[in-house]
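Worth knowing before you read on, the calculation uses all heavy atoms, side chains too, and leaves out hydrogens, waters and symmetry mates. The structure displayed is predicted, hence computed values, not measured ones.
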Amino acid sequence: MGSALIGLAAAVVGVTGTLLASVLSQRLLARVQSEQFDRQQQSAEAQWRREQQVAELGRRREGYMQVNASFRRYRTHLMDFLWTVRKGAVTPEARERVEEARRDHHSAFAEAQLIASTVVLAELDGMTAALSEVYRRVMSLEEGTPDPDGSFEGLRTDFDRLWERWERMRAEMRAEMRADLGAGNDPDGQQLIGPRRLPPLPPDGPETAQAA
């Protein structure tokens, strides 16, 4: 009888041990699988963040390039229009060129507002406001109701000041843009080697053919 009980107890212990080992093995496997899944999720999330960062930098680069190019077109056509006013040769086509460049600039600036950093946006906002004021003064001169200081020569001074401000702004923005874009290129894709100067208002007429 005692031997039978001992045998039964041994059998129970053996079965119990086997069951416990199976349960523990399943739990250990589930834990390993869970940890692997978590690592895979973290890796996938990190990859997604990297891809989003690259895409965001691309959008910012494109936005900066577009707003910079649109500014140059706008100021070039506005400068041409000033000379047209000076010559008394304003045509609907000449005015439409200015308006089209103005619309393009506003569109590019609106896009930049969605992606630009706070510092860059503040600089672009100030530059756009200054350019809009020059546009108003040029159009007032063309309509025959110039500002008290809105003569042709006064507007030439406005353009000179505008270009000086643009140069200063580009110098101040350059480091911020490089940090934004994570690269050594300026917003129109040129290597940042040294300061880039804009030409002054030419003394002998429009500069459309040599737009910067």
Side-chain angles (χ1 to χ4, degrees), residues 57-87 90-91 93-117 119-139 141-142 152 154-181 183-212:
L57 291 178
R59 284 192 293 270
R60 287 192 178 188
R61 183 188 301 276
E62 181 66 20
Y64 291 159
M65 289 172 61
Q66 290 295 330
V67 76
N68 185 60
S70 69
F71 168 82
R72 288 183 291 168
R73 285 195 301 271
Y74 185 13
R75 64 98 174 173
T76 297
H77 285 299
L78 188 57
M79 186 185 297
D80 288 353
F81 190 77
L82 176 61
W83 282 101
T84 301
V85 173
R86 170 76 165 180
K87 297 174 182 177
V90 175
T91 64
E93 292 77 16
R95 191 176 188 109
E96 178 56 27
R97 282 193 294 270
V98 175
E99 295 302 328
E100 182 179 0
R102 182 167 178 256
R103 289 192 297 268
D104 288 345
H105 178 266
H106 287 177
S107 177
F109 179 65
E111 291 292 329
Q113 287 179 308
L114 301 176
I115 51 87
S117 68
V119 172
V120 171
L121 185 57
E123 295 289 352
L124 290 174
D125 192 28
M127 193 66 220
T128 298
L131 185 56
S132 294
E133 175 61 12
V134 174
Y135 167 85
R136 185 195 66 78
R137 285 165 59 80
V138 170
M139 293 304 169
L141 177 64
E142 189 270 329
F152 175 81
L155 285 165
R156 286 194 60 180
T157 300
D158 283 350
F159 274 108
D160 289 341
R161 290 172 179 169
L162 189 64
W163 309 154
E164 290 171 3
R165 177 170 182 169
W166 177 245
E167 288 180 340
R168 291 195 304 269
M169 184 191 73
R170 284 176 61 88
E172 292 170 359
M173 290 170 60
R174 199 166 265 132
E176 180 69 19
M177 285 186 174
R178 290 183 66 172
D180 263 358
L181 302 175
N185 290 337
D186 76 357
D188 45 359
Q190 301 298 319
Q191 190 68 26
L192 294 176
I193 298 174
R196 182 179 178 187
R197 297 189 60 81
L198 290 172
L201 186 67
D204 54 351
E207 62 158 7
T208 299
Q210 302 178 7

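Residues Ala108 and Val67 share a closest heavy-atom pair of CB-CA, 3.8 Å. When every heavy atom of Phe159 is checked against every heavy atom of Arg75, the shortest pair comes out as CE2-O, 4.2 Å. Of all heavy-atom pairs spanning Val134 and Leu78, the tightest one is CG1-CD2, 4.0 Å.
Summarising the geometry, atom CD belonging to Glu111 is positioned 9.5 Å from atom CD belonging to Gln113; distances are rounded to the nearest 0.5 Å. The distance from atom OG1 of Thr157 to atom CG of Leu162, rounded to the nearest 0.5 Å, is 12.0 Å. Note: Phe109 CZ to Met127 CE = 11.5 Å, rounded to the nearest 0.5 Å. Here the CG-CG distance, from Leu114 to Leu121, works out to 9.5 Å after rounding to the nearest 0.5 Å. Once rounded to the nearest 0.5 Å, the distance linking CD of Glu62 with CD1 of Ile115 reads 9.5 Å. In this structure, CG in Leu124 is found 9.0 Å from CG in Asn68, a value given to the nearest 0.5 Å.
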Requested in this report: Could you please spell out the steps behind the side chain to side chain contact (heavy atoms under 4.5 Å, CB included) verdict for Thr128 and Phe71?
Outcome: CA-CA 8 Å; Thr128 298; Phe71 168 82; over 6 Å; no

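Counting heavy atoms from C-beta on, the side chains of Arg73 and Glu100 never come closer than 4.5 Å. Taking 4.5 Å as the limit, some side-chain heavy atom of Leu82 sits within range of a side-chain heavy atom of Leu141. Looking at heavy atoms from C-beta onward, Tyr135 lies out of side-chain contact with His105 at the 4.5 angstrom threshold. Residues Arg102 and His77 form no side-chain contact, since every pair of their non-hydrogen atoms from C-beta on lies 4.5 Å or further apart. Considering only heavy atoms from C-beta on, Tyr74 stays 4.5 Å or farther from Asp104 through its side chain.
The 12-atom threshold is exceeded at CZ of Arg136, counting heavy atoms of other residues, nucleotides or ligands nearer than 6.0 Å.
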